[in-house]
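A note on names: the letters A, B, ... follow the listed sequences, proteins ahead of strands, and every chain is numbered from 1. Computation of the quantities below employed the complete heavy-atom set of this structure, encompassing side-chain atoms and omitting hydrogens, waters and symmetry-equivalent molecules.
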Amino acid sequence: MSYCESVYAVVGQVPRGRVTTYRLIASALGNPRGCRAAGNALNRNPDPVGVPCYRVVKSDGTLGGYNGGLPEKIRRLRADGIEVRDNRVLSFDRILFSPAPLKRS
DNA sequence: ATTGGGGCCTCCG
DNA sequence: TCGGAGGCCCCAA
């Protein structure tokens, strides 16, 4: 399983109404420094339906980027009941989700 | 609030 | 195969 695929697998763990960060994803895969690589993987998200990459934000709670455009990312988050203001997720510390470590094969 | 430097991975020549 | 560029980042100044 490629790095990209494992990234998608981890993102799949994030429940509705919660968010996670690029950093946490990289950590779950065993390397906290791979955060940028994780972002790179999500950038070319092959399956926007099965992989809700809009639930992934920066480690400081700001939104980060989105292939479909930020407005779209915000809309999707709101649809999940998450409030966004000034490019930042509200109550970030309360809805932050830490993915379980994933073993790579 | 900005900025520069660092590090991980994938794609393309 | 090898090398370089770039990406939805992070953190210390």
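C:dA5: Watson-Crick or G-U partner is B:dT10, with both key distances under 3.5 Å.
Nearest nucleotide to the A:Lys58 side chain, out of C:dC8, C:dC9, B:dC9: C:dC9. Which of C:dC9, B:dT10, C:dC8 sits closest to the side chain of A:Cys4 comes down to B:dT10. When each of B:dG7, C:dC8, B:dT10 is scored by its nearest atom to the side-chain atoms of A:Asn43, the top-ranked nucleotide is C:dC8.
Nucleotide B:dA1 holds its C1' atom 14 Å from the CG atom of A:Asp86, rounded to whole Å. Between A:Asn87 atom CG and C:dC9 atom P there is a gap of 11 Å when expressed in whole angstrom units. Straight-line distance from the CZ atom of A:Arg36 to the C1' atom of C:dC11: 13 Å, rounded to whole Å. Straight-line distance from the CG atom of A:Leu70 to the P atom of C:dC8: 11 Å, rounded to whole Å. Atom-to-atom, CD1 of A:Ile25 to P of C:dC8 comes out at 14 Å; the value is rounded to the nearest Å. With rounding to whole Å, A:Leu63 atom CG is found 11 Å from C:dC9 atom P. With rounding to whole Å, A:Tyr22 atom OH is found 24 Å from B:dG6 atom P. When rounded to the nearest whole Å, the span between OH of A:Tyr3 and P of B:dC9 equals 6 Å.
Residue A:Arg33 places none of its side-chain N or O atoms closer than 4.0 Å to OP1 or OP2 of C:dC11. OP1 or OP2 of C:dC11 has at least one side-chain nitrogen or oxygen of A:Ser59 nearer than 4.0 Å.
Counting heavy-atom neighbours within 6.0 Å of A:Glu83 CD, excluding the residue itself, gives a total of 12 or less.
Judged by closest nucleotide on DNA chain C, A:Ala37 is the one of A:Ala37 and A:Val57 placed further toward the 5' end.
Side chain of A:Asn67 to backbone of A:Asn45: no donor-acceptor contact under 3.5 angstrom is found. Side chain of A:Arg55 to backbone of A:Val14: a donor-acceptor contact under 3.5 angstrom is found.
Within the 4.5 Å cutoff, side-chain heavy atoms of A:Leu42 are placed close to those of A:Tyr22.
Looking at heavy-atom distances under 4.0 Å, A:Gly65 makes contact with a base.
Under a hydrophobic clustering in which Ile, Leu, Val, Met, Phe, Trp and Tyr are joined whenever their side-chain heavy atoms come within less than 4.5 Å, directly or via other members, A:Phe92 and A:Tyr54 fall into the same cluster.
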